[in-house]
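Numbered from 1 within each chain, the chains take letters A, B, ... in sequence-line order. No experiment lies behind these values; they were computed from the predicted model shown.
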Protein chains: 2
Amino acid sequence: MRAGKGPIDPEAPELSRDGLVQIGQVAERTGLSLRTIRFYEETGLVVPTARSDGGFRLYSDQDVERLEVIKRMKPLGFSLEEMQELLTLLHDLGQGGGDRAALVDRLQMFHEAAVARVTALRDQLAVAEGFADTLAAQLTTHRTA
Amino acid sequence: MRAGKGPIDPEAPELSRDGLVQIGQVAERTGLSLRTIRFYEETGLVVPTARSDGGFRLYSDQDVERLEVIKRMKPLGFSLEEMQELLTLLHDLGQGGGDRAALVDRLQMFHEAAVARVTALRDQLAVAEGFADTLAAQLTTHRTA
DNA sequence: CCCTTCCTTGACGTGAGGGTTAGGTTGGTG
DNA sequence: CACCAACCTAACCCTCACGTCAAGGAAGGG
């Protein structure tokens, strides 16, 4: 599983001594594929904090958390670019940055988009349920008719 | 809008005399783009019943209905190929075809897939709602803090 | 040293269309 | 008849969020 099998602390079996983890661990924890995680780096969405001497990606806890936030955002159907923007936005709001009003404005737009998307998802769900029911009806009709 | 403006029956303003409509009408009725409708023909998913002498696609009511069924299937996330299979399957069941048992079996698999997808959609909706709420909370936190 | 497992980059493929360009045809009207 | 909107084919490239495959380097144990 791990890259090599060095003697690791049995009390903290999955934690490198610097709190940095390789991509495989990240994939396991987040449920994202290696390809996806690398792709997110390509696009600049989540760049690992460090690299090993040999070039291995090393992710901090914050990196992993960021990936988990992204995972939660996915059902909202935002593009990767939009997600990046939102993450930056939230970060900037976290820091007591300059133009608060503008940031809050942008945040509000994101929120509205999110609400709209939730509505759309609900509609989709209703349609999907309806179709599933249709299939169920067809089944009972044809099962012993 | 229409190709030419012949005197049409005001009682059935959008119905060609043979119950066949051109692609533009179909797009308008189904909300699908011309591009998409032509694409569905390319893949064999919905082939128009007829063509005019000049080569215009002419869609029957069944054709349009088929497109509308496809639209309802879309939230279930089936591929176009799977949709085609399911449509064929339902058609074959409609006709008193040969191997009923096998057809019903396949139908049951589709139904199970649909149900699974509905569950997945519900989960996505929950996650999306959660994230929207998070955004709302961030808004109230930062709005006048 | 070897062996295994994990990791690297690079390149190409996919699905479901969207967009565009270019040139040609049709169907109906005034 | 002229005109015009709507339609046609064919070809091309573009997008998004990855999947897949290849060939090879790195980390660590025996």
Task: Toward the 5' end of DNA chain C, by each residue's nearest nucleotide, B:G54 or B:L80 - done: B:L80
Open item on the list: Within a 6.0 Å radius of atom CD on B:E68, are there more than 12 heavy atoms belonging to other residues, nucleotides or ligands?
Closed with: yes
Open item on the list: Does D:dA26 have its OP1 or OP2 closer than 4.0 Å to a side-chain nitrogen or oxygen of A:S52?
Closed with: no
Open item on the list: Checking the side chain of A:R66 only, and the main-chain atoms of A:L45 only, is there a donor and an acceptor separated by less than 3.5 Å?
Closed with: yes
Open item on the list: I need the residues from residues 109-123 of chain A with at least one non-hydrogen atom less than 4.0 Å from DNA chain C; give them sorted by number, or say none.
Closed with: none
Open item on the list: When you measure from the side-chain N and O atoms of B:R57 to the phosphate of D:dT9, is any distance below 4.0 Å, counting only OP1 and OP2?
Closed with: yes
- [ ] Applying salt bridge (Lys or Arg N to Asp or Glu O under 4.0 Å), name anything that partners B:R72, two or more places apart in sequence or on another chain.
- [x] none
Open item on the list: Taking side chain to side chain donor-acceptor pair (under 3.5 Å) as the definition, give me every residue that meets it alongside A:D63, ordered by chain and number, with sequence neighbours left out.
Closed with: A:T49, A:S60
Task: Nucleotide of D:dA6, D:dG19, D:dA27 approaching A:S33 most closely (side-chain heavy atoms) - done: D:dG19
Task: Spacing between A:L58 atom CG and C:dC7 atom P, to the nearest angstrom - done: 10 Å
Task: Side-chain N,O (A:Q22) to OP1/OP2 (C:dC7) below 4.0 Å - done: yes
Open item on the list: Under a 4.0 Å threshold between the charged nitrogen and the carboxylate oxygen, would B:R117 count as salt-bridged to B:E82?
Closed with: no
Open item on the list: So B:I23, base contact, sugar-phosphate only, or nothing? Heavy-atom distance under 4.0 Å.
Closed with: sugar-phosphate
- [ ] Quickly work out the A:E82 CD to D:dT15 C1' distance and round it to whole Å.
- [x] 14 Å
Open item on the list: Holding to salt bridge (Lys or Arg N to Asp or Glu O under 4.0 Å), I want the full list of residues that pass it with B:E42, two or more places apart in sequence or in another chain.
Closed with: none
Open item on the list: Could you check whether any side-chain N or O of A:E41 sits under 3.5 Å from a backbone N or O of A:P48, counting only pairs where one atom can act as donor and the other as acceptor?
Closed with: no
- [ ] For B:F56 and C:dT26, give me the distance from atom CZ to atom C1', rounded to whole Å.
- [x] 4 Å
TODO: Would you mind reading off the distance between A:E81 atom CD and D:dT15 atom C1', rounded to a whole angstrom?
DONE: 12 Å
TODO: Just grab all the ring-ring contact (aromatic ring centres under 6.0 Å, His included) pairs involving residues 82-124 of chain B, residues at least two apart or on different chains.
DONE: B:F78-B:F110
Open item on the list: With a 4.0 Å limit, can you tell me whether B:K74 has a side-chain N or O closer than that to the phosphate oxygens OP1/OP2 of C:dG15?
Closed with: no
Task: Contact list for DNA chain D against residues 35-42 of chain A - heavy-atom distance below 4.0 Å - done: A:R35, A:T36, A:F39, A:Y40
TODO: Measure from CD on A:E28 to C1' on C:dC7 and round the result to the nearest Å.
DONE: 15 Å
- [ ] Write down the distance between CD (A:Q25) and C1' (C:dC7), rounded to a whole number of angstrom.
- [x] 13 Å
TODO: Output yes when a side-chain donor or acceptor of B:R100 lies under 3.5 Å from a complementary backbone atom of B:L93, and no otherwise.
DONE: yes
TODO: Over all heavy atoms of both residues, which pair between A:T30 and A:K71 is shortest? Give the atoms and the distance, please.
DONE: O-NZ, 2.8 Å
Task: Rounded distance in Å - CG (B:D53) to P (D:dC7) - done: 17 Å
Task: Distance, rounded to the nearest Å, where B:L34 contributes CG and D:dT9 contributes P - done: 12 Å
